[in-house]
Amino acid sequence: MKWAKKLKLECFSFFWFCETENGVINVKSVFFGRNDRVTCSEGIHPQHLSNTECSQIGTGNFVKDRCNGRKACEISINDIYHPDPCYGIHKYLQTNFTCVPAVHLIACEHSYAHLTCGQGEVIFVLGANYGRQDTTVCYASRPPNQVQNVYCSNPTQIVAQRCSWERNCTIYSSNFIFGDPCPGTFKYLELSYVCLNPHSE
């Protein structure tokens with residue numbers, strides 16, 4: 001399996017993507033705060049760079065839940081800014097992630113996602129999200145008001161709990177299984193997985 005490593009430093013915007021056709025994001029480490037006076041310091045008053053022991057706990061888990069298994073991922077600073085780890089200090093987000101080849105599936109609401117691997121292999125789910133983050137996915141025959149909300153995100157471990165380490169797995173994309181993160185919006189299940197040989201080192 002070929003992994004493409006990427007180190008991203010974001011001063012103002014937070015957007016990552018994998019350039020390969022079948023690559024998906026696998027976050028390795030995340031830092032949000034400030035640990036030096038140089039990074040993202042252009043045009044910033046020295047007073048706002050003074051605390052170099054500033055880091056936010058829990059950012060890594062949040063970014064992993066939001067981005068793992070997706071081809072592209074965008075996070076608003078408002079999503080990670082609170083609680084503020086060091087008030088008055090100019091912060092930045094540094095993310096170390098890989099792009100790993102994976103099977104990427106989308107199942108519209110009220111349909112099934114079928115995960116399958118070859119003989120002697122098992123499923124390992126990299127990430128799954130139920131909601132809507134794109135107006136052009138699962139939009140056919142739907143009124144505009146049901147596909148306009150693209151800020152509907154519900155990262156879920158349910159797919160991994162049900163399907164990882166199985167050879168075949170089918171899961172229903174519905175509010176009954178995943179809850180309803182945005183009532184009135186037509187949602188879809190987006191997931192990525194790889195097939196592993198459980199006996200290989």
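Just so you know, residue 1 is the first one in the sequence shown, and it goes up from there.
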Next on the checklist: Testing the 3.5 Å rule here: is there a donor-acceptor pair between the side chains of Ser174 and Glu109?
Outcome noted: no
Checklist entry - Does Leu191 belong to the same Ile/Leu/Val/Met/Phe/Trp/Tyr cluster as Val194, with side-chain heavy atoms less than 4.5 Å apart forming each link? => result no
Item to check | Nearest atoms (heavy-atom pairs only) where Ile106 meets Glu190 | outcome: CG1-CG, 4.1 Å
Checklist entry - Mind checking whether Gln133 and Cys152 have side chains closer than 4.5 Å, heavy atoms only? => result no
Next on the checklist: Please evaluate residues Asn35 and Tyr92 with respect to the criterion side chain to side chain donor-acceptor pair (under 3.5 Å), reporting the C-alpha separation (whole Å), side-chain torsions for both, the decisive distance (0.1 Å), and the verdict.
Outcome noted: CA-CA 10 Å; Asn35 58 13; Tyr92 53 87; 2.6 Å; yes
Checklist entry - Which pairs, with at least one residue in residues 166-181 and sequence neighbours excluded, count as a salt bridge (Lys or Arg N to Asp or Glu O under 4.0 Å)? => result Asp180-Lys187
Next on the checklist: Under the criterion side-chain contact (heavy atoms from CB on, under 4.5 Å), I'd like the reasoning laid out for Cys195 against Phe124: C-alpha separation, chi angles, the key distance, then a yes or no.
Outcome noted: CA-CA 6 Å; Cys195 293; Phe124 183 77; over 6 Å; no
Checklist outcome for this item: Correct closest heavy-atom pair for Ser173 and Ala107 would be OG-O, 3.1 Å
Next on the checklist: To the nearest 0.5 Å, what is the distance between NE2 on His90 and CG on Asn51?
Outcome noted: 14.0 Å
Checklist entry - Nearest 0.5 Å, what's the CG-CG distance between Asn68 and Asn61? => result 10.5 Å
Checklist entry - Can Leu115 be reached from Leu126 by stepping across I, L, V, M, F, W or Y side chains whose heavy atoms are under 4.5 Å apart? => result no
Item to check | Between OG1 on residue Thr39 and CD1 on residue Ile44, distance to nearest 0.5 Å | outcome: 12.5 Å
Checklist entry - Is there a donor in the side chain of Thr59 and an acceptor in the side chain of Gln56, or the other way round, less than 3.5 Å apart? => result yes
Checklist entry - Shortest non-hydrogen contact from His104 to Gly69? => result CD2-O, 4.0 Å
Checklist entry - Heavy atoms, side chains only, cut-off 4.5 Å: are Cys73 and Arg66 in contact? => result yes
Next on the checklist: For residues Val125 and Ile177: do they belong to one hydrophobic cluster (side chain heavy atoms under 4.5 Å, members Ile, Leu, Val, Met, Phe, Trp, Tyr)?
Outcome noted: yes
Checklist entry - Can you name the nearest heavy-atom pair linking Ile25 to Cys67, along with the distance? => result CB-O, 3.7 Å
Checklist entry - Going through the distances and angles, do Ser192 and Arg70 end up as a side-chain contact (heavy atoms from CB on, under 4.5 Å)? => result CA-CA 7 Å; Ser192 294; Arg70 301 187 59 207; over 6 Å; no
Checklist entry - After noting the C-alpha distance and the side-chain angles of Leu189 and Val159, does the key distance pass the side-chain contact (heavy atoms from CB on, under 4.5 Å) rule? => result CA-CA 10 Å; Leu189 174 66; Val159 180; 4.2 Å; yes
Next on the checklist: Out of the candidates Phe178, Phe176, Tyr172, Tyr188, only one should pair with Tyr130 under the ring pair (Phe, Tyr, Trp, His ring centres under 6.0 Å) rule; please name it.
Outcome noted: Phe178
Side-chain donor-acceptor pairs under 3.5 Å in residues 137-150, sequence neighbours left out?
unit_1	atom_1	unit_2	atom_2	d
Arg142	NH1	Gln146	OE1	3.3
Asn149	OD1	Tyr151	N	3.0

Checklist entry - For Asn129, does its backbone N or O pair with a side-chain atom of Thr156 as donor and acceptor, under 3.5 Å? => result no
Item to check | Shortest non-hydrogen contact between Pro85 and Lys91, atoms and distance | outcome: CG-CD, 3.7 Å
Next on the checklist: Is there a side-chain contact (heavy atoms from CB on, under 4.5 Å) between Leu196 and Ile123? Walk through the geometry before answering.
Outcome noted: CA-CA 6 Å; Leu196 302 177; Ile123 296 163; over 6 Å; no
Checklist entry - Under a 4.5 Å side-chain heavy-atom rule over Ile, Leu, Val, Met, Phe, Trp and Tyr, are Phe186 and Tyr112 clustered together? => result no
Item to check | Hydrophobic cluster membership, Phe32 vs Ile89, 4.5 Å side-chain cutoff | outcome: no
Checklist outcome for this item: Taking every heavy atom of Val30 against every heavy atom of Gly60, the minimum-distance pair comes out as CB-CA, 3.7 Å
Checklist entry - Counting only N and O atoms by type, is there a donor-acceptor contact under 3.5 Å from the side chain of His48 to the main-chain atoms of Gly88? => result yes
Checklist entry - Counting only N and O atoms by type, is there a donor-acceptor contact under 3.5 Å from the side chain of Ser50 to the main-chain atoms of Gln47? => result yes
Checklist entry - Within a strict 4.5 Å, meaning less than it, do heavy atoms of the Ser55 and Phe31 side chains meet? => result yes
